[in-house]
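Report on one structure; see the data block that follows.
As the structure lists them, so they are numbered: ligands from 1, and atoms in each ligand from 1. The residues of the chain are indexed from 1 along the displayed sequence. Quick caveat, the model's predicted, so the values are computed rather than measured.
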Amino acid sequence: MKQTESQPAQQFLEQIKIVLCQTSHPGNIGAAARAMKTMGLQHLVLVNPKEYPSEEALARSSGAMDVLENAEVVSSLEQAVADCRMVIGTSSRNRALPWPLVEPREIKTILDEEPTAIPMAIVFGRESTGLLNEELQLCHYHVNIPANPDYMSLNLAAAVQVICYECRLLALKQQSSLHSAEGLDEVVAEVSGERKATVKQTEGLYQHFEGVMTETGFFDPNEPKLLPARLHRLFAKAQLTEAEVNIMRGFLASMTKHIKYQSKTKNDKSEEE
Ligand code: SAH
């Protein structure tokens, strides 16, 4: 008898997006789609692929054409992950600014501790240069497949396969429906406002911060240095909830109002003099 996917496993895997950034070789896109489908993942997002749609991608996808047909094509990583509450970036090497780093199997621990952190995206970089620093800074965690230290870099589709396999193991272990859509509703109802903020909400807060910091003279956009990266890392580590984002934005708005009020009274006074 043909086996079917259990419902909790399927519901969990539906919450995971695989995002490929600026893939150069369409064959890798097809092979990644195939790797996803074998592990029960469906949701593929392509950020600015070099060559797509493509015959080669279709050929390499084998029987996973449905994953390719339903793939979203977008123009930035920010757009790809806007609705996600957890973003994990894959990287084969250490970067200049250390970031919270996990091994593939630790994705389970993250989700056990943060059951509201879905939908989740797992992001893969270019064949030549991997992910850009700005892209890595949009991620809450970086994940590294602990490969041979003398030869760390897997083929893109092979890396997708390894990560999707870990997601599948995780899905198969879903005894309860905690991470399923129904389970999530219960958690959210219990902790109203305590749901993790989406990338769009957190980026909105970051932009707001940058605006106010520029206004006060604390930040010079012409000489940003590491400040934007460090702030992004702070937000990634804090994994703010929706309620916390709202508090911070409310505070920033009150600061802007206060600064405007102060400069208005100062102007009024100097006009009187
Ligand atoms: N030369 C590139 C490697 C790109 S490999 C670099 O220096 O970064 C293409 C993509 O496959 C990477 O961006 C990453 O998403 C994934 N990948 C390859 N090897 C990996 C590893 N050991 N751990 C995690 N991801 C890996």
Pairs touching residues 137-159 that satisfy salt bridge (Lys or Arg N to Asp or Glu O under 4.0 Å), sequence neighbours left out: none
Exercise: identify the closest heavy-atom pair between Asn144 and Ser91: ND2-O, 2.8 Å
Sequence neighbours excluded - salt bridge (Lys or Arg N to Asp or Glu O under 4.0 Å) pairs with any residue from residues 200-214: none
Sequence neighbours excluded - salt bridge (Lys or Arg N to Asp or Glu O under 4.0 Å) pairs with any residue from residues 253-268: Lys264-Asp268
Over 12 non-hydrogen atoms of neighbours within 6.0 angstrom of CD in Glu55: no
Residues Lys108, Glu113: salt bridge by 4.0 Å N-O rule: no
Proximal protein residues to ligand 1, non-hydrogen atoms under 4.0 angstrom: Thr90, Ser91, Ser92, Arg93, Arg95, Phe124, Gly125, Arg126, Glu127, Ser128, Thr129, Gly130, Val143, Asn144, Ile145, Met152, Ser153, Leu154, Leu156, Ala159
